[in-house]
*Asks:* 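Sharing a structure here in structure tokens format.
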Amino acid sequence: MNNLDKNFGDLNKQQIDAVKKTSGSLLILAGAGSGKTRVLILKIYYFLISKLALPNQILAVTFTNKAANELKTRVSNMTGKIIDSWWVGTFHSISARILRKHSELVGLKNNFVIIDKDDQIKLIKSICESEKISLEDKNAKYYLKCIDRFKNDYISEEEVFEKAKIKDERDLAKIFSIYQNELIRLNCCDFGDLIIHCLSIFKKNNKVVKQLQNQFKYILVDEYQDINPSQQEWLKYLYSHHKNICCVGDDDQSIYSWRGAEIKNILNFEKDFENPSIMFLEQNYRSTKRIINCASHLINFNKNRYNKKIWSQNSEGSKIEIRGFWETKEEAISISSKIEELKTSNTPLNEIAILMRVAAHTRSFEERFLNIGLPYRIIGGIKFYERKEIKDVIAYLRIANNHNDDLALERIINVPKRGIGKLTLKKINLISRNKKISLFEGCKIYLQSDEGGKAKIEINNLISKIHKWNKVINKIDHIDLCELILEDSGYMELLINESKLKDHIESYDRLDNVNEFMNGLKEFENLEGFLEHVSLVAENDNIYKNEKISLMTMHSAKGLEFKYVFLIGWEEGLFPSKRSIEEKGQSGLEEERRLAYVALTRAKEKVFISFVNQNRYSYASHDFNSPSRFINELPKEDLEIFNSEIFENDEYSFNISQLEEANTAEISPGKKRLIENYNKINEQNLAHDRDISAINQSSFNEGDRIFHKKFGYGRILEIENITALINFDKSGTKMVYLKYLFRE
DNA sequence: TTTGACGACATTTTT
DNA sequence: TGTCGTCAAA
């Protein structure tokens, strides 16, 4: 117990209470940065060390793999042993584990494939085609969204059928039901099915559910505010024997309602679990007083919340800096020079993050960072396994593994190009559908028909190759198999040829990715293990190794912390997102505000907020953007507001003298290049400046008719320095740069 | 059947 | 902005 007390040493009273309450139902409402992960870890540790439970009797569920891994490694470090038999994982990975064992109970084989969104969409499209349901006004994405929602909310096919009144609803019900049948036929399931299938196993098979209920003496749930009704039901089943459950969450950080995690679900805790007790963790250990003050002040605008008040004993810290810019480019320039500043004062780049509402907004920063040679990483952009080339390789492995994997075959049947086009595929599809056989078998039938020439030879070829791969699948190891398939199929050749083309940068990446994939393969004992990993684990874990600036969405920043946080794109309409307000009204707005709260509380030392006046993209060009209302909702005394420094300081380009002042040893390759190219850039800038002055010389006058590339013709209302307010004939009134104007 | 050009279109957040 | 789908030509 000594050891234990040592570990408890720096916990506060509430945290210790939370750790020591082991039996019954406990909901811990833990504010951001209040050490909830520590509490969870210590709880597991406490169960183990006080011999309350064996490792495999503890079920710890999280929503992200990151969180699951953190729990595992930190507990392993404390106990000094690595435990591989335990049940720590995401809802989905644990469900997959259960489902693999009992798949036959829901009509799947144990080597079922977990499909992703692309496959889901493809499947829905093909269902609509064969059912003659038009995708004109409701597209496949819409149906997918509905189906996902049914699964999140634990609504069965039957219920959907019963409720369907108008034709659209009946179509939806039909698609849903066929979709489910198709998944079973193809031996696949989607993410939602992992949970749903478990539920039907629990429901149907008493023996299985009893065994699991007996096994899990203690259940721990992280990020409980993210729970959806299906997952809640899932927990209820597993809880109901020992009845020990502890959920940790923060209603103010509920930002996944579109995944069925509505904030009201947290209330089910008191409904579904017996004698619930609720504890609060309110002391924040992460951030400065000012940051906490801002975050609390902001979140107080929400009506729909538990009244939890976070506070901090840390130092007061510096004010939040607010900046406005005209263009995203300027935003990127300003932030990058701020980062350079931080860097020279020895801040590790790992402690700096730029958070945005929309993943796509990394672009201007990427460009800038590449330009000046600041290393950065994008977290949660395109997932590794979502890349085209990786999915292609996986499809090859899948079809070798299982001939009846129609989705995989369809994906690679003409990649690389074999002259098996849409038309041929359609014919084969028709055959398979009519005969109710797999695509693979359909191909064989097609070969016996009289039609087609070249395509047939190729199909025949492919089929015999697939047969061949399948024969050796158990004879050689999976790495050799993968190499063999890549060679044999001509896919490697395709990549290599592509990389030789003029624009080789991207294809070189692809080759790299495939190689990385093969490397990853080595870490798994067999193909199945790897395929499971790939479909359930989005990120690769070694992303934190190097010193880099992190760029990510506010959503994916949840659970992370950084010394300095830049929050960009705080423009009304973008954040809070117009769409979410339109879709969900007040509750949508509150969710956006919670997102702002999450974003603010990521910072330990200092927050920088910025907004951009002019359109971020041409297509978002509706209007002149104004600063987010959330900026107004922050307490004035904690803010330091700057006008667009761009206009005070007309030198936009990177300042070379700053560069030379910096320690030369620190200069990265990118910067070196920059210095080398400095003259060139400088010339360009000079030319650019000349352009501007040329325009200024020929200066426009108020009332002039002008032309703008993006917005068309218009009349100048007002000229201000280097910008002008224009009344455009077709696109309304906008502020634009003079340099982009032409005489009519 | 493939390729290229063109225009339409959509753009939140993810296990 | 870039991706996707459609269309016509090769």
*Asks:* Does B:dT3 have OP1 or OP2 under 4.0 Å away from a side-chain N or O of A:Lys417?
*Replies:* yes

*Asks:* Please report the distance, rounded to the nearest Å, between CG in A:Leu144 and P in B:dT14.
*Replies:* 16 Å

*Asks:* Picking from B:dT13, C:dT1, B:dT14, which would you name as closest to the side chain of A:Val358?
*Replies:* B:dT13

*Asks:* Touch check for A:Ile420, heavy atoms < 4.0 angstrom, all strands: base, sugar-phosphate only, or nothing?
*Replies:* sugar-phosphate

*Asks:* Using only side-chain N and O atoms of A:Thr424, determine if any of them is under 4.0 Å from OP1 or OP2 of B:dT1.
*Replies:* yes

*Asks:* Let me know, please, whether A:Gly419 or A:Lys117 comes out on the 5' side of the other along DNA chain B by nearest nucleotide.
*Replies:* A:Gly419

*Asks:* Please determine if a side-chain N or O atom of A:Thr553 lies less than 4.0 Å away from the OP1 or OP2 oxygen of B:dT14.
*Replies:* yes

*Asks:* Remember a base hit wins even if backbone is also touched, and classify A:Lys125 as base, sugar-phosphate or nothing at under 4.0 Å, heavy atoms.
*Replies:* sugar-phosphate

*Asks:* If I pick the P atom on B:dT13 and the same atom on C:dC4, what distance separates them, to the nearest angstrom?
*Replies:* 15 Å

*Asks:* Between A:Leu186 and A:Leu123, is there a side-chain heavy-atom distance shorter than 4.5 Å?
*Replies:* yes

*Asks:* If you look at every strand shown and take non-hydrogen atoms under 4.0 Å, does A:Ser580 touch a base, only sugar-phosphate, or nothing?
*Replies:* base

*Asks:* Indicate whether OP1 or OP2 belonging to B:dT14 is found under 4.0 Å from a side-chain N or O atom of A:Ser556.
*Replies:* yes

*Asks:* Calculate the interatomic distance between A:Ile94 atom CD1 and B:dT15 atom C1'; express it in whole Å.
*Replies:* 13 Å

*Asks:* How many whole angstroms separate atom CG of A:Asp119 from atom C1' of B:dT15?
*Replies:* 16 Å

*Asks:* Could you point out which residue of A:Ile115, A:Asp116, A:Ile121 forms a side chain to side chain contact (heavy atoms under 4.5 Å, CB included) with A:Asp118?
*Replies:* A:Asp116

*Asks:* Using atom CH2 of A:Trp234 as one end and atom P of B:dT15 as the other, report the distance to the nearest whole Å.
*Replies:* 17 Å

*Asks:* Is there a side-chain contact (heavy atoms from CB on, under 4.5 Å) between A:Glu590 and A:Lys584 once you walk through the steps?
*Replies:* CA-CA 10 Å; A:Glu590 293 208 348; A:Lys584 307 189 108 182; over 6 Å; no

*Asks:* Of all the heavy-atom pairs spanning A:Ser254 and A:Arg594, show the shortest one and how long it is.
*Replies:* O-NE, 2.7 Å

*Asks:* Can A:Trp570 and A:Phe611 be said to form a ring-ring contact (aromatic ring centres under 6.0 Å, His included), step by step?
*Replies:* CA-CA 5 Å; A:Trp570 280 42; A:Phe611 62 90; over 10 Å; no

*Asks:* Please work out if A:Asn414 contacts a base, only the sugar-phosphate, or nothing of the nucleic acid, heavy-atom cut-off 4.0 Å.
*Replies:* sugar-phosphate

*Asks:* Would A:Phe91 count as stacked on B:dT15 if the rule is ring centres under 5.5 Å and plane angle under 30°?
*Replies:* no

*Asks:* Nearest whole angstrom, please: distance from the C1' of B:dT13 to the CD1 of A:Ile378.
*Replies:* 16 Å

*Asks:* Among B:dT13, B:dT11, B:dT15, which is the nearest nucleotide to the side chain of A:Lys141?
*Replies:* B:dT11

*Asks:* Would you kindly give the CG-to-C1' distance between A:Asn69 and B:dT15, to the nearest whole Å?
*Replies:* 14 Å

*Asks:* To the nearest Å, how far apart are A:Lys388 NZ and C:dC4 P?
*Replies:* 10 Å

*Asks:* Is there a side-chain contact between A:Ser489 and A:Arg418 (heavy atoms, below 4.5 Å)?
*Replies:* yes

*Asks:* How many whole angstroms separate atom CD of A:Gln120 from atom C1' of B:dT15?
*Replies:* 11 Å

*Asks:* With a 4.0 Å cut-off on heavy atoms, is A:Lys151 in touch with a base, just the backbone sugar-phosphate, or nothing at all?
*Replies:* nothing

